[in-house]
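What follows is a single structure, written as structure tokens, with notes after it.
So that the names make sense, note that chain A is the first sequence line, chain B the second, and so on, each numbered from 1. Everything numeric here is computed off the predicted structure, so don't read it as measured data.
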Amino acid sequence: MKHIVKIMTLLVAITAVWISLLQTAMIPPSYTWLLPLYLIISLGCYGLLMVGVGLMQFPTCPQEALLLQQDVIEAKEFLKHKGVDVGSD
Amino acid sequence: MAEQQNKNKYSIIVPTYNERLNIALIVYLVFKHIPDINFEIIIVDDGSPDGTQDIVKQLQQVYGEDRVLLRPRPRKLGLGTAYIHGLKHATGNFVIIMDADLSHHPKYLPQFIKKKIETGASIVTGTRYVTGGGVHGWTLMRKLTSRGANVLAHTLLWPGVSDLTGSFRLYKKTVLEHIISSCVSKGYVFQMEMIVRASRKGYHIEEVPITFVDRVYGRGGKT
């Protein structure tokens, strides 16, 4: 199934649930009308939360920079020995 | 397992622009980390004014013209077309793409290959965003935009991979050819498009955590 079809199906399903809630009046109608708004706001908050959490947990690797420097020294020595020009640019 | 490895050849495509020091370091590190693998390095240089191609020719003297291939182009013609150009000259059945600025460390190449053999995946992509992976040298702003774009793209696209913009990947050659022909975007969106299209077409994709140290030497192709 194409991706856009999946998204549309999801939206249609949510809309159907919303309309049925309006019809059956289990929840006071004034509240039901605002449900889509609450949903969008919740989604937005969830998104921001995920960005924040991801930012805090962003994996970093400072030790890799050191290892890289060691690799660079090793590489430069070998290559200079073999006649490759490794002067810095 | 060993027999399977003997039949496979890996073409490593490295697009370069003004990477005269980095390309020598990369070639050394590749030979250091996968000495027993049948591979070739295809350097697609877009007419670098800093003499990158002269350095590559020196490297060919050291490592052999059958292992280090120089396939230059007259000027900067874009990343996507650089891969296509490299693909034309690739004689391997698997293709690895990586950046030339040492942000992609060749020490992960054995892990990519091992993952591919273990799982039989068509694509193995490096991810910086899981445990075991990571970045270094990124400002808070860069991390914020990266994380924000990631959350947005995941919400809209449901891609099935954790790192959409990464460009350290191993592809089965036929798979790469197939996907590239259907891509339409440019720049780093192109990397995203490739992996999302691959995911949609149902290719088996696996991930390997990689570390990404921001460029140390030179300026490369950034204008």
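- With contacts defined as side-chain heavy-atom distances shorter than 4.5 Å, the pair Asp71(A)/His105(B) qualifies.
- Interface remark: Ile4(A) contributes no atoms to any contact with chain B (heavy atom separation under 4.5 Å).
- In this structure, the side chains of Leu21(B) and Lys76(A) come closer than 4.5 Å at one or more pairs of heavy atoms.
- Summarising the local packing, NZ of Lys114(B) is surrounded by 12 or fewer heavy atoms from other residues, nucleotides or ligands at distances under 6.0 Å.
- Only the side chain of Val62(B) comes within contact range of chain A, with at least one heavy atom under 4.5 Å from a heavy atom of that chain.
- Heavy atoms of Phe31(B) lying under 4.5 Å from chain A are absent altogether.
- Between the side chain of His3(A) and the main chain of Leu156(B), a donor-acceptor pair closer than 3.5 Å is present.
- A heavy-atom distance below 4.5 Å is found between the side chains of Thr60(A) and Lys143(B).
- The CG atom of Asp214(B) lies 11.0 Å from the CG atom of Leu68(A); values are rounded to the nearest 0.5 Å.
- Residues Asp85(A) and Asp54(B) form no side-chain contact, since every pair of their non-hydrogen atoms from C-beta on lies 4.5 Å or further apart.
- Between atom CD of residue Gln63(A) and atom OG1 of residue Thr211(B) there is a gap of 8.0 Å, rounded to the nearest 0.5 Å.
- Proximity to chain A is absent for every atom of Lys57(B), based on heavy atoms less than 4.5 angstrom apart.
- Neither the backbone nor the side chain of Thr131(B) comes within less than 4.5 Å of any heavy atom in chain A.
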Inset, instruction - Give the C-alpha distance, both sets of side-chain angles, the deciding distance and a yes or no for side chain to side chain contact (heavy atoms under 4.5 Å, CB included) between Lys107(B) and Leu67(A). - result: CA-CA 11 Å; Lys107(B) 69 182 172 189; Leu67(A) 289 174; 3.9 Å; yes
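- Of the listed residues (Lys82(A), Gln69(A), Gln57(A), Glu74(A)), the greatest number of heavy-atom pairs within a distance under 4.5 Å of chain B belongs to Glu74(A).
- Taking a 6.0 Å sphere around NZ of Lys80(A), one finds it holds 12 or fewer heavy atoms contributed by other residues, nucleotides or ligands.
- Both the backbone and the side chain of Leu25(B) come within less than 4.5 Å of a heavy atom of chain A.
- Across Ala24(B), Gly137(B), Gly132(B), the residue that shares the most heavy-atom pairs under 4.5 angstrom with chain A is Ala24(B).
- A 4.5 Å side-chain heavy-atom check between Val151(B) and Leu48(A) finds every atom pair outside the cut-off.
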All N/O donor-acceptor pairs, side-chain side in residues 14-29 of chain A, below 3.5 Å, sequence neighbours left out:
| from | atom 1 | to | atom 2 | distance (Å) |
| --- | --- | --- | --- | --- |
| Thr15(A) | OG1 | Leu11(A) | O | 2.6 |
| Trp18(A) | NE1 | Thr32(A) | O | 2.8 |
| Ser20(A) | OG | Ala16(A) | O | 3.3 |
| Ser20(A) | OG | Val17(A) | O | 2.7 |
| Thr24(A) | OG1 | Ser20(A) | O | 3.1 |

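- More than 12 heavy atoms of other residues, nucleotides or ligands sit less than 6.0 Å from atom CH2 of Trp158(B).
- Top candidate by heavy-atom pairs under 4.5 Å with chain A, chosen from Gln61(B), Arg128(B), Lys32(B), His154(B), is Lys32(B).
- Closest of all the heavy-atom pairs between Gly133(B) and Pro59(A) is O-CB, 3.4 Å.
- Leu140(B) CG to Phe58(A) CZ: the interatomic distance, rounded to the nearest 0.5 Å, is 10.0 Å.
- Pairing each heavy atom of Ala75(A) with each of Tyr28(B), the nearest pair is CB-CD2, 3.2 Å.
- Interface remark: Val27(B) contributes no atoms to any contact with chain A (heavy atom separation under 4.5 Å).
- Only the side chain of Leu79(A) comes within contact range of chain B, with at least one heavy atom under 4.5 Å from a heavy atom of that chain.
- When heavy atoms are compared at a cutoff of 4.5 Å, Leu43(A) does not approach chain B at all.
- Looking at Trp138(B), only its side chain comes within 4.5 Å of chain A, counting heavy atoms on both sides.
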